[in-house]
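Everything on this sheet refers to the single structure shown next.
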Amino acid sequence: MLKALNCLDFRNMLLSGAQYLQENRSKIDELNVFPVPDGDTGTNMALTMNAGIQALMKYNGNKLAELCQVVSNGILSGARGNSGVILSQLIRGICQIVKEHETIPLKVFVKALENATALAYSTVHEPKEGTILTVARKMSECARQEIKNHKNYPSLMTAILQAGEQALSQTPELLPVLKEANVVDSGGMGLIIVWKGFLAAMQGEKLDTNNFLSMTSNDVSYGSNEEIVTLEIGDIRYGYCTEFFIINMHKKIAVQTAIEKLKAKLSQIGDSLICFGDEQLVKVHVHTANPGQVLSYALELGEVDKIKIENMLEQNRAFRANLERTRKEMGLLSVSSGKGFAAIFNDLLVDKIVEGGQTANPSTDDIVQAIKTINAKNIFILPNNKNIILACKQAKTLVQNKNLFVLSTTTIPEGIAAALYFDANCSVEENLAVMKKNIQNVVCGQVTRAVRNSNINGIVVRVGDYIGVDSNKVLVKGKTQEETVLALVQKLKKNAHENITLYYGEDIPLEDATNLQEKLAQEYSDCEVLCLEGGQAIYSYIVSLE
């Protein structure tokens, strides 16, 4: 029986965990607390795990330390949603420990699970029990307690999973909202499924790697120097991007053997190497400090043609000079879903909009890449969804040369309110104070249709019912969209509110929305009622009161 893991075993374990998660993502998505069609925990966790697998599939070595670093980098950049971010930290926590060893005996694996749990808990500002964190902690505690009773991996992992499943079954007792909805925590279930994949690999279950080939078949862009402009001049080891073809190969040479020898030589004097071809044509791309030597090696195979050598050092200097000329003091980044909302944020001069929302949480890397495009010293980030806040905060830890401020906006109307009062002529502190104040003034509700039967917040809901919800609970239900919107506004409206804004979704005709606007204006003559296109999916209407 398996008593220690080598690099191949660990690789297979990760692949199997990702495959199990991919196959069960829809089951996890269905474990949604609210009876609305926005369950996306399984999708987020699968996309997060797949990001690590994509990186792993590109690594052909057999060194555990290198494999762990590759997976850690990939899964961190690809983390999506709260559960996805936590899963990324759990995997990274395991890798932090096992990378220090050539093989992984049971005691090292137990230590790795404990480190993973600690790292995951440290990621969340206010950890809640009854979530994926609880399940992870119970499994790591079981591993420590049970290691003395088990001599091999399948046996110990079986015991760990039993503890995890027991912890998962208890999550409704720890989180009232789970108990009321009669479901277990979806993130915890996702973690159990990943660990079941680990066990399957430990038991020798064969993998179908075809699933992963499709995940890693992204087209490669040859010869692009775009990434070089973010480096410091002193960091550029190979300053010349060198591209060419080799044609009219010399006679009496074995071309494929010669290509392999050329690749070996070029790898010693450059990086970003691409070298492939046949008897007719060989394509070469390499970043090097000595283009002449590269060409000299190539001439040993045949003639060189269509030579292109670009000085990336000078490109870097010019780019950085332009950055300095155009840099501004403050910028705005917003997450948004729907063409109407995107147009509103553009009108409010938001610098960058990241597409995403309830069912399509952007990854940490999506947010990081968007931040990099904003040429500002200080950047305010508007997540506009409670499930995206953690990914934004994680992105903050990955960007070193800018001051990032994540405002805890949980709805798009909150983000609009913050952006509306942003003033580039004020200080960072003044903007933070004003935006936070106006976020607190916003009350928001959404209307959608129930996708399952439920009894939540004292309201009996059946599949197909129109329901009005806020960020925490179902507030009202109705027979029609119009009836539900009117009931929702009545539920949310306070005497202090002066403005009601109705954002209609992608499937709502303008005529229906304006008719509803008129009814609201008649009902609430003390308020200004606006009707704007949101273009959002899932929610037919989003209502904002201020």
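Keep in mind that this is a model prediction, so the values were computed, not measured.
- Atoms CG and CG, on L407 and L432 in that order, are 6.0 Å from each other to the nearest 0.5 Å.
- Remark: the S363 side chain and the D366 side chain contain an N/O donor-acceptor pair separated by less than 3.5 Å.
- Expressed to the nearest 0.5 Å, how far CG of L390 lies from NZ of K393 amounts to 7.5 Å.
- Note: L273 CG to Q268 CD = 11.0 Å, rounded to the nearest 0.5 Å.
- Side chains of T134 and E129: a donor on one and an acceptor on the other come within 3.5 Å.
- A donor-acceptor contact shorter than 3.5 Å links the side chain of D185 to the backbone of G188.
- A donor-acceptor pair is defined here as one N or O able to donate and one able to accept, closer than 3.5 Å; no such pair exists between the side chain of S155 and the backbone of N152.
- In this structure, G190 and L21 approach most closely via the heavy-atom pair O-CD1, 4.0 Å.
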Residue pair K436, E414: steps toward the salt bridge (Lys or Arg N to Asp or Glu O under 4.0 Å) verdict: CA-CA 9 Å; K436 287 179 179 179; E414 287 181 356; over 6 Å; no
Under 3.5 Å donor-acceptor pairs involving side-chain atoms of residues 95-106, not counting sequence neighbours:
from: Q96; atom 1: OE1; to: N115; atom 2: ND2; distance (Å): 2.9

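- With hydrogens and angles disregarded, a donor-acceptor distance shorter than 3.5 Å links the side chain of K148 to the backbone of Q145.
- A salt bridge links K196 to E165: at least one charged side-chain nitrogen sits closer than 4.0 Å to a carboxylate oxygen.
- In this structure, CG on L119 lies 13.5 Å from CD on E114, to the nearest 0.5 angstrom.
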Pair V294, N290 - check side chain to side chain contact (heavy atoms under 4.5 Å, CB included), show working. CA-CA 7 Å; V294 170; N290 192 336; 6.0 Å; no
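- Remark: side-chain polar atoms of D351 are not paired, donor with acceptor, to backbone N or O of G331 under 3.5 angstrom.
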Any chance you could lay out the side chain to side chain contact (heavy atoms under 4.5 Å, CB included) test for I86 and L133, step after step, and finish with the verdict? CA-CA 8 Å; I86 292 170; L133 292 172; 3.9 Å; yes
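- Residues H285 and T242 have side chains not in contact (no heavy-atom distance under 4.5 Å, counting atoms from C-beta outward).
- Contact check for V335 versus N385: no side-chain heavy atoms found under the 4.5 Å cut-off.
- The shortest side-chain heavy-atom distance between Q89 and L76 falls under the 4.5 Å cut-off.
- Counting all heavy atoms, side chain and backbone alike, I160 lies closest to A143 at CD1-CB, 3.7 Å.
- Judged purely by atom type and a 3.5 angstrom limit, R80 uses its side chain to pair as donor or acceptor with the backbone of N361.
- Between L15 and L56, some side-chain heavy-atom pair lies under the 4.5 Å cut-off.
- Using modelled atom types and a 3.5 Å distance limit, the side chains of N73 and Q69 yield a donor-acceptor pair.
- Using a 4.5 Å cut-off on side-chain heavy atoms (C-beta onward), N403 and V428 make no contact.
- Nearest approach of V354 to P362, heavy atoms of both residues: CG1-CB, 3.7 Å.
- A side-chain donor-acceptor contact under 3.5 Å links N6 to the backbone of D9.
- The shortest side-chain heavy-atom distance between E243 and V284 does not fall under the 4.5 Å cut-off.
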Go through it in stages, so that I can follow the logic: the residues are Q203 and M157, the test is side chain to side chain contact (heavy atoms under 4.5 Å, CB included), and I'd like the CA-CA distance, side-chain angles, deciding distance and then a yes or no. CA-CA 10 Å; Q203 293 173 328; M157 182 58 81; over 6 Å; no
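- Among residues two or more places apart in sequence or in another chain, the ring pair (Phe, Tyr, Trp, His ring centres under 6.0 Å) test is passed with Y153 by F109.
- Using modelled atom types, one side-chain atom of S72 and one backbone atom of C68 make a donor-acceptor pair closer than 3.5 Å.
- Between E141 and R144, no side-chain nitrogen of the basic residue sits less than 4.0 Å from a carboxylate oxygen of the acidic one, so the salt-bridge criterion is not met.
- Of the N and O atoms on the side chains of D29 and T43, at least one donor lies less than 3.5 Å from an acceptor on the other residue.
- Taking CG of N375 as the start and NZ of K372 as the end, the distance is 14.0 Å to the nearest 0.5 Å.
- Listed here is the closest heavy atom pair of G164 and I192: C-CD1, 3.4 Å.
- Under a 3.5 Å cut-off, the side chain of S16 and the backbone N or O of N12 do not form any donor-acceptor pair.
- When only modelled atom types and interatomic distance are considered, Y240 and E310 share no side-chain donor-acceptor pair under 3.5 Å.
- Looking at every heavy atom in both residues, A201 comes nearest to M13 through CB-CA, 3.7 Å.
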Can you list the steps and then say if N62 with L8 is a side chain to side chain contact (heavy atoms under 4.5 Å, CB included)? CA-CA 7 Å; N62 61 357; L8 180 60; over 6 Å; no
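- Judged purely by distance below 3.5 Å, without hydrogens or angles, the side chains of S336 and N384 never pair a donor atom with an acceptor atom.
- Partners of F244 according to the ring pair (Phe, Tyr, Trp, His ring centres under 6.0 Å) rule, which considers only residues two or more places apart in sequence or in another chain, do not exist here.
- Between the side chain of T364 and the backbone N or O of A395, no donor-acceptor pair lies under 3.5 Å.
- For the atom pair CD1 (I53) and CD (Q19), the distance works out to 10.0 Å, reported to the nearest 0.5 Å.
- The environment of NZ in K402 is crowded: more than 12 heavy-atom neighbours from other residues, nucleotides or ligands sit within 6.0 Å.
- Across every non-hydrogen atom of Y539 and Q446, the tightest pair is CD2-CB, 3.3 Å.
- Of the possible polar contacts, none joining the Y297 side chain to the L301 backbone as a donor-acceptor pair under 3.5 Å is found.
- Between M49 and I75, the closest side-chain pair of non-hydrogen atoms falls below 4.5 Å.
- E205 and Y20 are linked by a side-chain donor-acceptor pair at a separation below 3.5 angstrom, with hydrogens and angles left out of the test.
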